[in-house]
2 protein chains.
Amino acid sequence: MYPETRSEMAVKHYRADKMLVAVDCVIFGFDGEALKLLLIKRGFEPQKSKWSLMGGFVQPKESLDNAASRILEQLTGLKGVFMEQLFAFGDPARDPMERTISVVYYALVDIGQYKKQLSEDFHAEWFPLSELPLLIFDHDQMVGTARERLQYKAALHPILFELLPGRFTIRQLLDLYESVYGKELDKRNFIRKLQSSGLIIRQKEKEKGSSKKGAFYFKLDKRKYSSSLRSFISFLPTKEIFQ
Amino acid sequence: MYPETRSEMAVKHYRADKMLVAVDCVIFGFDGEALKLLLIKRGFEPQKSKWSLMGGFVQPKESLDNAASRILEQLTGLKGVFMEQLFAFGDPARDPMERTISVVYYALVDIGQYKKQLSEDFHAEWFPLSELPLLIFDHDQMVGTARERLQYKAALHPILFELLPGRFTIRQLLDLYESVYGKELDKRNFIRKLQSSGLIIRQKEKEKGSSKKGAFYFKLDKRKYSSSLRSFISFLPTKEIFQ
DNA sequence: GCAAAAGTGTTCGCAGTACACCCATGA
DNA sequence: TCATGGGTGTACTGCGAACACTTTTGC
């Protein structure tokens, strides 16, 4: 309970309007070609059949994090996914129907793992970031903020592994970084930094689909990964970061 | 308007409980000695006369940013202060009286500028971060998150200038960095990086209070400062950041 | 044997670090 | 003249950047 203004401080109960509190999810995926976003076609008013982020209201006995996990699971069937609170959007006019605060989360999912059936129930589709449709309300702004955050965070912490399957090739990782930043990176320097980080472990098997020679699979060293998430590790050229 | 669950998608209006939405402010200041926090002694129930962050409810036609600015101004009399949304706290049990979502902001203020009178009205006091009292609800956690964010952000962007007056000495800036990170920094390297950033302009006047020789005042180059806030600039040793 | 992708090394330059002394002044 | 804090310079080194060729193998 908080005072609204100084003159109200003596009063025990303050006038305070309650509001709807929603959670919306910006869901990133990577299919080897481009970074994509999972959007749903709204099957309900207002703005029926427009594209939007997946969202829902926070339930009375549910934390924000739990609401976000629940909503993500509804759409993808996935639990335990990398997810982080992004920003709270609260412009009074953002939802024309009713005052609603939206706490936005972003998630990084292995696009191969999600349950396609669920997405079909929601008329969901993966859109490349370069070909996004117009979204309802302020969802475009949410996506913009999420993209900035992803670039920012991934420049300093190795979170992009979350977008790949458990076994991946260096080529896939490189392509991922290049599509997140829209820039070509030097393969040799990239690999060197990657290997010196000690985060990846080479497997015995090779991926043979995309080349004759075949490319070794790698796995993430999960211990090193967990402890490295808090420290700063970058596979990008420093000047990309420090401009 | 969002669906709560899939089964509700066909329904036009969904059951959704509204909640109180508050904004709390973590207000940092620096007095040349230590980094401090401005706390108020609650003059209202619950938890009357316990210490807490300054907060208030978001008004029906007010954005979150505006609510935060309003609340900060109520306590300090300051406008146009550096302020940033920190995090939304929404544990169902965080406020024992009623379900309340709190969107927390942190602010960096020039401690010499704030209106002491207003603070007295709220029974507010500046506390060194090392001597904080117990705070109500989850305000300790909010402060912890704010401290982490401040260290993180200031390691990459030159935001700590916001805590100093318009005219400052290098010594003050160095002391500030040292108190934010709780570490001693090499004066010569610090100055070199600072100067090579081109962010500060030496004034003609000297500060004569704390030494016989006197130390030049500097001012921030506001143009370079504005454009640099988005890029990465650090005056800290790289290994402090990249561990 | 050739096309296509995988994978590997070296050189150079600069930025970061460590480190110590002189300067100006008031008392 | 001395004590106090202000202010400057250098040498080293290690990391990041730029850059090109060899390897493997399926066709």
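Worth saying up front: this structure is predicted, and the values here are computed from it rather than measured. Lettering follows sequence order; numbering is per chain, from 1. These values consider heavy atoms only, across backbone and side chains, with no hydrogens, waters or symmetry-generated copies.
The interatomic distance linking A:L194 (CG) with C:dG7 (P) rounds to 12 Å, in whole Å. Between the CG atom of A:N189 and the P atom of C:dG7 there is a distance of 16 Å, rounded to whole Å. Atom NZ in B:K206 sits about 11 Å away from atom C1' in D:dG5, given to the nearest Å. Summarising the geometry, the separation between CD1 on B:I233 and P on C:dG16 is reported as 12 Å, rounded to the nearest angstrom. Protein atom CD of A:Q195 is 15 Å distant from nucleotide atom P of D:dG16, rounded to whole Å. Rounded to whole Å, atom P of D:dA18 lies 11 Å from atom CG of A:L185. Between the C1' atom of C:dA6 and the CZ atom of A:F218 lies a distance of 11 Å, rounded to the nearest Å. Spacing between atom CZ of A:F190 and atom P of C:dG7 amounts to 13 Å, rounded to whole angstrom units.
For C:dT8, the OP1/OP2 oxygens have no side-chain nitrogen or oxygen of A:K187 closer than 4.0 Å.
On a pure distance criterion of 3.5 Å, no polar donor-acceptor pair joins the side chain of B:R188 and the base of C:dA18. Contact of B:R192 with D:dG9 (side chain to base): a donor-acceptor pair of N or O atoms is detected under 3.5 Å.
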Apply ring-ring contact (aromatic ring centres under 6.0 Å, His included) to the pair A:F161 and A:F82, showing each step before the final yes or no. CA-CA 10 Å; A:F161 290 105; A:F82 177 94; over 10 Å; no
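For the pair B:R202 and B:F216, the cation sits on the ring face: its NZ or CZ lies under 6.0 Å from the ring centre, inside 45° of the axis.
Residue-to-nucleotide proximity on DNA chain C shows that, of B:K213 and A:K213, the 5′-proximal contact is made by A:K213. Annotation: of the two residues near DNA chain D, A:K212 and A:D186, the 5′-most nearest-nucleotide partner is A:D186.
Each of B:F235, B:Y152, B:F232 was scored for a ring pair (Phe, Tyr, Trp, His ring centres under 6.0 Å) with B:H157, with one residue passing: B:F232.
B:F89 and B:F87 have their aromatic ring centers within a separation under 6.0 angstrom.
Below 30°, between 30° and 60°, or above 60°: for A:Y181 and A:Y177 the angle between ring planes is below 30°, a parallel geometry.
In this structure, B:T169 reaches neither bases nor backbone, as no heavy-atom distance under 4.0 Å exists between it and the strands shown. Among the protein residues, B:I191 comes within range of the nucleic acid bases, having at least one heavy atom under 4.0 Å from a base atom. When heavy atoms are screened at a 4.0 angstrom cut-off, B:K193 is found touching the sugar-phosphate backbone but no base atom. If you check every strand for non-hydrogen atoms under 4.0 Å, A:K208 touches sugar and phosphate atoms only.
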